[in-house]
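In the text below, chain A, chain B and the rest are named by the order of the sequence lines, each starting its count at 1.
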Amino acid sequence: MPGERDRELVESDRPSKKAKVSANGSAPEDNPYLAHMYAGGSLPSAAKSSRYGGSAGQDHFAGLTRHTTTTEQAQKLEDGPLNPFTGETLSDTYFKILKKRRDLPVHAQRDEFLKLYQDNQILVFVGETGSGKTTQIPQFVLYDDLPHTTGKKVACTQPRRVAAMSVAKRVADEMDVVLGEEVGYNIRFENNTSSKTILQYMTDGMLLREAMNDPDLHRYSCIILDEAHERTLATDILMGLLKDVAKRRPDLKIVVMSATLDAQKFQRYFGVEENKFNAPLLAVPGRTHPVEIFYTPEPEKDYVEAALRTVLQIHGTEPEGDILLFLTGEEEIEDACKRLRLEGDEMQREQDCGPLKVYALYGTLPPHQQQKIFEPAPPPAREGGRPGRKVVVSTNIAETSLTIDGIVYVVDPGFSKQKVYNPRIRVESLLVSPISKASAQQRAGRAGRTRPGKCFRLYTEKAFKTELIDQTYPEILKSNLASTVLELKKLGIDDLVHFDFMDPPAPETMMRALEELNYLACLDDDGELTHMGRSASEYPLDPALAVMLIASAEFRCPSEILSITALLSVPQIFMRPNHRRKEADQAKQLFAHPDGDHLTMLNAFHAYKGQDPGSAQKWCQENYLSYRSLSSADNVRNQLRVIMEKQGIDMESTSYEDRNYYNNIRQALCAGFFMQVAKKTAQGKGYITVKDNQDVLLHPSTVLGQENEWLVYNEFVLTTKNYIRTVTSVKPEWLLENAPIYYDIDSFPKGEVRTGLQRTMEKLARKQKQDRRRG
DNA sequence: GAGCACTGC
């Protein structure tokens, strides 16, 4: 009975203390990540014959003892003529690359690195950009760790997929092996590794997922956390976890790599525990060109105006070289580009300046347009004229994710959009805020990649020194932690309050997350993981979405909820190009469902799936739908479906002809999103959120009018006004039935919501009475 | 009648 689901899970699924076997809840034999350790006997010996010394079966590492090797020994092996890992003859390209590798700054400190690596379990390594740390350190480790003799691997984590892929490719080339064999990468949707793999680049999130099934990370002999200074949620949790794993697994080595000198913080973090780990720090300089920094003498009141003025001034007076300007968002950037183009043309006409080519760059731009920024600067307009110049106006995507060579001038107004989380109303929003000193440095560095450059900071030197914070707040302090807490529980961390976070989140944020998970029946009243919680943790989703997916079987609509969940996990599928808004809105109306946006998205997805694969892309374009988002939703959907099937969830949906088809879906939405509900206010056009009592408006993108009394919403967006976005109308009975604990009338303050719920309860009671009389 | 900084599973 759907109506009893909540209570049932909370009460009957509380794990008995006896039943709790291991910290992660799964026996190692069932663990998919450890399968290689049990399949057909012991892998290490098998690995030796297949990996060790290649076809000839000769051990090219003979005479070397693990964790006592020297640079000299490693270099001798690297010098060939045979590849010690494959036994093949090394290629000419290999030697060409080897020569360049030996010139990298890290190389000068290989001895020092090896010594510290061998003498310590945990090591912190600081290498600035251009030091070669990401490609070289893992190779230094390989020649000392000799992973092929232990059957274990070396892992190197990256915050971004593209980085994991491209670095793996580079290192495979450097080692003269085929990508996916000895060197591979593992990212969501793509595991390019094999049984031969000894070095694996992967996303930090992927390693965290693995840890949830194998908390001791038995597959690895060494874990390198790269770009730790970026402090992603996954890196932060992995650091806390690895600190613990290190105690349980003395054979595991950990290298934490960071680009900033803030690495002392990492060192302290790994060093405190009874001095068990010394976590020494090794720093290697980078190789970049000097960048001259200029500040404004007075604060600027309008940073966009100041930025445009500065760009044009550079164009008019500075020698050849491209410009990178940092602004905060799409609209601001497009607007700035328009104005720069106009002014640039005018300068060319009136002052005989070189031509100015302006490019916008931000994340939601389609890839082919992002690629355009790599076009070279335009040539002089006429023979002997002044050289042309390229200006890229970008969000902070150009700060870390994308590197543009040839930038000589950086204009930094000192702002970016940053996420802020308000635990009181459980809302994440984006705010234009001053950047950190570290960000400012990173931005300036972008000017010195190919030759000496200049950075114009549109704030005073005093402001830089006294007003900017040192580092941007780590992700963990800016996020809703519901899924993080669920992950930690699954990782076997029982005492979250005392979990050793590098930066502990606010207690209120933790409390909110625990409360949310309790309402979702993922944690019981003692904070223990329930059966539902354990199931939900298997999905790479927000807990509310995971719970909705699991509950969908009860409402006979798993297939539809699967699609909706996937659609909610990808960027917006409805496109709205600036000058074709009207056409786009009309196209969307074709898919509109009277009950709301979730169902509208589902209609569009079904229509997309009905297309011929060969013409789907064209069809999307004609209908103002994002092909990229839809096909990525399809990918996500498949991944989620596999997990559902593995959990034995009944995947049968009611047929489309059934009169309850859409009602079932709307009820299932309530099962996950009962905490994101708004009720229409009495006096007209506004809505009010249930429990938090926030006044909100329907986002103008919705297909719904103002007539619906109760809505579930996917998102609360705080911009000029408070909006709820992606909404579907529901019946209040469904809320009371599906989440009786959350909708306990007595917990509501007196007001419209309470009165509305009260009326619904009375209605339900009357109906029950009638039914009884009739029955 | 309005946006969507950026990542990741």
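- Distance, A:Lys417 NZ to B:dG3 C1': 8 Å, rounded to whole Å.
- Proximity of A:Ser701 to the phosphate of B:dG3: no side-chain N or O atom is located under 4.0 Å from OP1 or OP2.
- Straight-line distance from the CD1 atom of A:Ile397 to the P atom of B:dG8: 10 Å, rounded to whole Å.
- Taking the salt bridge (Lys or Arg N to Asp or Glu O under 4.0 Å) definition, one finds that A:Glu583 meets it with A:Arg580, sequence neighbours left out.
- The CG atom of A:Asp335 sits 15 Å away from the P atom of B:dG3 (whole-angstrom rounding).
- Among B:dT7, B:dA5, B:dG3, the nucleotide with an atom closest to any side-chain atom of A:Asn396 is B:dA5.
- The side chain of A:Glu330 lies closest to B:dC4, out of B:dA2, B:dC9, B:dC4.
- Going from atom CG of A:Leu431 over to atom P of B:dG3 covers 13 Å, rounded to whole Å.
- Across the protein-nucleic acid pair, A:Gln370 atom CD and B:dC4 atom C1' stand 13 Å apart, rounded to whole Å.
- Both A:Pro540 and A:Asp585 sit near DNA chain B, but only A:Asp585 has its closest nucleotide nearer the 5' end.
- With hydrogens and angles ignored, no donor-acceptor pair under 3.5 angstrom links the side chain of A:Arg725 to the base of B:dA2.
- Under the rule for a side chain to side chain donor-acceptor pair (under 3.5 Å), A:Gln694 has no partner lying at least two apart in sequence or in another chain.
- In this structure, the side chain of A:Ser569 engages the main chain of A:Thr565 through a donor-acceptor pair within 3.5 Å.
- Ring-plane geometry between A:Tyr608 and A:Tyr627 is classed as perpendicular, the angle between the planes exceeding 60 degrees on a 0 to 90 degree scale with a lower cut at 30.
- Backbone-only contact: A:Ile187 has heavy atoms under 4.0 Å from sugar-phosphate atoms and none from a base.
- To the nearest angstrom, C1' of B:dA2 lies 11 Å from NZ of A:Lys588.
- In this structure, CE of A:Met165 is placed 14 Å from P of B:dT7, rounded to the nearest angstrom.
- Comparing A:Asp204 and A:Val717 against DNA chain B, the residue whose closest nucleotide sits nearer the 5' end is A:Val717.
- When the nucleotides B:dT7, B:dA5, B:dA2 are ranked by their closest atom to the side chain of A:Thr395, B:dA5 comes out on top.
- For A:Lys588, there are no salt bridge (Lys or Arg N to Asp or Glu O under 4.0 Å) partners, not counting sequence neighbours.
- Computed from coordinates, the A:Arg628 CZ to B:dC4 C1' distance equals 12 Å when rounded to whole Å.
- Looking at heavy-atom distances under 4.0 Å, A:Tyr723 makes contact with sugar-phosphate atoms alone, never a base.
- A salt bridge does not link A:Glu334 with A:Lys338: none of the charged nitrogens is closer than 4.0 Å to a carboxylate oxygen.
- Residue A:Arg160 places its side chain closer to B:dT7 than to any other of B:dC9, B:dT7, B:dA5.
- With sequence neighbours left out, A:Ser535 forms a side chain to side chain donor-acceptor pair (under 3.5 Å) with no residue at all.
- The side chain of A:Glu331 approaches B:dG3 more closely than any other nucleotide in the set B:dG3, B:dC9, B:dT7.
- Listed nucleotides B:dG3, B:dC4, B:dA2 differ in distance to A:Lys721; the shortest reach to its side chain belongs to B:dA2.
- Contacts between residues 227-242 of chain A and DNA chain B, defined by a heavy-atom separation under 4.0 Å, are absent.
- Within 4.0 Å (heavy atoms only), A:Gln572 reaches at least one base atom of the nucleic acid.
- With hydrogens and angles ignored, no donor-acceptor pair under 3.5 angstrom links the side chain of A:Arg209 to the base of B:dG8.
- Side-chain atoms of A:Arg581 and base atoms of B:dG3 include a donor and an acceptor less than 3.5 Å apart.
- Here the side chain of A:Glu332 pairs a donor or acceptor atom with the backbone of A:Thr328 at under 3.5 angstrom.
- When the ring-ring contact (aromatic ring centres under 6.0 Å, His included) test is applied to A:Tyr723, the partners found at least two apart in sequence or on another chain are A:His699.
- The side chain of A:Arg576 approaches B:dG1 more closely than any other nucleotide in the set B:dC9, B:dC4, B:dG1.
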